[in-house]
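The sequence lines fix the lettering, A, B, ..., with proteins before strands; numbering per chain opens at 1.
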Amino acid sequence: MADKPRIKLPKEAKKGEIIQIKTLVSHLMESGQRKDAQGKPIPRKIINKFACEFNGKPVFSCTLEPAISANPYIQFDARIDEEGTFKFAWTDDDGSVVTAEEKIALKA
Amino acid sequence: MGAINRRQAFLLGGGFVALTVLPMAANAEPSNDAAELIKKFTGGKEAAKGKITLDLPEIAENGNTVPLALTVESPMTAENYVKEVLFVADGNPNAGVATLMFTPMSGKAEASIRIRLAQTQNVIAVAKMSDGSLFTERKTVKVTIGGCGG
C-alpha cells in the first residue's frame, strides 16, 4: 500500500452546500479465500476501516469486509458549513494507517 | 417410429439442460451467516421495507467489482438522520460486505462502493435511523464470473 490515495472534491463550496467526495486507494484487498499455486490459502489482508472527518468532527466512516473489491473506491457526501480541512484515514489489517488531507474554502 | 429423428433428439437435449440448470438455481439459497449478521445489527427487531434505494446492476459480468450505490431518504438533520447502513451478501463465503456510518454532517445519506460477489445472490441493506427505526431493501444480482476467485 505505497501509493498515495486519490481524493476528488471541490476546492471551494458555498455555505451549506452538500459536496460529493470520491476516494480511491490502491490495495490488493486479499480476501483470504484465494489459494496460492501450492494450494495453501493466502492470508487475508484488507483495509478494514475508512474514516473521514472535517475539522476534527466525524463526517462518514465505514468498516469493510473481504467482499470489497480491490483498490477500494468509496464515494460519499459532506455538508460544508465552514472552511476547513478534511482528514481521511484507511486502516489496514496489519495495523498500518494511510492518511490524507484536503482543504476546502468557502465561496464568497 | 424407429430411430430418434433430429427434432426429437433436440427436444431431449433441451430437457436435459433444464434439469441440470434447476438444481443450480436452488443452490443460491442463503447458506452463510447473512441472517445472523442482520440479527446482530437490528437486535432482532423487524426492519420495515422502504426508504432505501439500491443501485446495483441486474447482471454483473465480473463479480470482482460490482458497483453498488446507496441512497436513504432522510433529512439528515441533527434530530433525524441515518446512523448506520449494513450491507450483506447472502451467497458469498462470508456474508459481511460493509457497514457505513453517517452523521448529520454527511448532508445526504448517499454512498457508492464496489463489491465482490461470488455468485448470483441477493445484496441486502439494512439502515438504522437516529431514532432507532430500521429499514431494509434487497436486490438480486446475477453474476457471470464469480469474484471470490479460488
**Report entry** Note, A:Pro72 side chain near B:Arg114 side chain (heavy atom, < 4.5 Å)
**Finding:** no
Requested in this report: Check for a donor-acceptor pair, side chain of B:Thr99 on one end and backbone N or O of A:Thr63 on the other, with a separation under 3.5 Å.
Outcome: no
**Report entry** Minimum side-chain heavy-atom gap B:Met105-A:Phe54 below 4.5 Å
**Finding:** yes
Report summary line: To the nearest 0.5 Å, atom CZ of A:Arg79 lies from atom NZ of B:Lys108 at 12.5 Å
Query raised in the report: CD/A:Gln33 to CZ/B:Arg116 distance, rounded to the nearest 0.5 angstrom?
Result: 9.5 Å
Query raised in the report: Which atoms of A:Phe50 come close to chain B, meaning under 4.5 Å heavy atom to heavy atom: side chain ones, backbone ones, both, or neither?
Result: neither
Query - A:Glu82 atom CD: more than 12 heavy-atom contacts under 6.0 Å - result: yes
Query raised in the report: Linking I/L/V/M/F/W/Y whenever their side-chain heavy atoms sit closer than 4.5 Å, directly or via other members, would B:Phe102 and A:Leu9 fall into one cluster?
Result: yes
Query raised in the report: Can you get from A:Phe88 to A:Met29 by hopping between Ile, Leu, Val, Met, Phe, Trp and Tyr side chains that sit under 4.5 Å apart?
Result: yes
**Report entry** Single-linkage hydrophobic cluster, 4.5 Å side-chain cutoff, A:Phe76 and B:Met129 together
**Finding:** yes
Query raised in the report: Considering all heavy atoms of both residues, which atom of B:Asn92 and which atom of A:Ala67 are nearest to each other, and what is their separation?
Result: ND2-CB, 3.6 Å
Query raised in the report: Taking a hydrophobic cluster as the set of Ile, Leu, Val, Met, Phe, Trp and Tyr residues connected by side-chain heavy atoms closer than 4.5 Å, whether directly or through intermediates, do B:Val123 and A:Tyr73 fall within one such cluster?
Result: no
Query raised in the report: More than 12 non-hydrogen atoms from neighbouring residues, nucleotides or ligands closer than 6.0 Å to NZ on A:Lys107, yes or no?
Result: yes
Query raised in the report: Side chain, backbone, both or neither: which part of A:Ala70 has an atom under 4.5 Å from a heavy atom of chain B?
Result: both
Query raised in the report: Nearest 0.5 Å, what's the CD1-OG distance between B:Ile113 and A:Ser69?
Result: 8.5 Å
Query raised in the report: Are any of the side-chain heavy atoms of B:Thr103 and A:Phe60 separated by less than 4.5 Å?
Result: no
Query raised in the report: Is B:Phe135 linked to B:Val126 within one hydrophobic cluster, defined over Ile, Leu, Val, Met, Phe, Trp and Tyr using a side-chain heavy-atom separation of less than 4.5 Å?
Result: no
Report summary line: Scored by heavy-atom pairs under 4.5 Å with chain B, the best of A:Ser61, A:Ala51, A:Pro58, A:Ala78 is A:Ser61
Report summary line: Greatest number of non-hydrogen atom pairs under 4.5 angstrom with chain A, of B:Ala109, B:Gly107, B:Ser106, B:Pro104, falls to B:Ser106
Query - Close approach to chain A in residues 65-87 of chain B, criterion heavy atom under 4.5 Å - result: B:Thr65, B:Val66, B:Met76
Query raised in the report: Within a radius of less than 6.0 Å around NZ of B:Lys49, do more than 12 heavy atoms belonging to other residues, nucleotides or ligands occur?
Result: yes
Query raised in the report: Taking every heavy-atom pair that is under 4.5 Å apart, which of A:Ile18, A:Leu64, A:Ile68, A:Ile19 has the most such pairs with chain B?
Result: A:Ile68
Report task. Hey, could you give me the CD/CD1 distance between A:Glu65 and B:Ile115, rounded to the nearest 0.5 Å? Result -> 12.0 Å
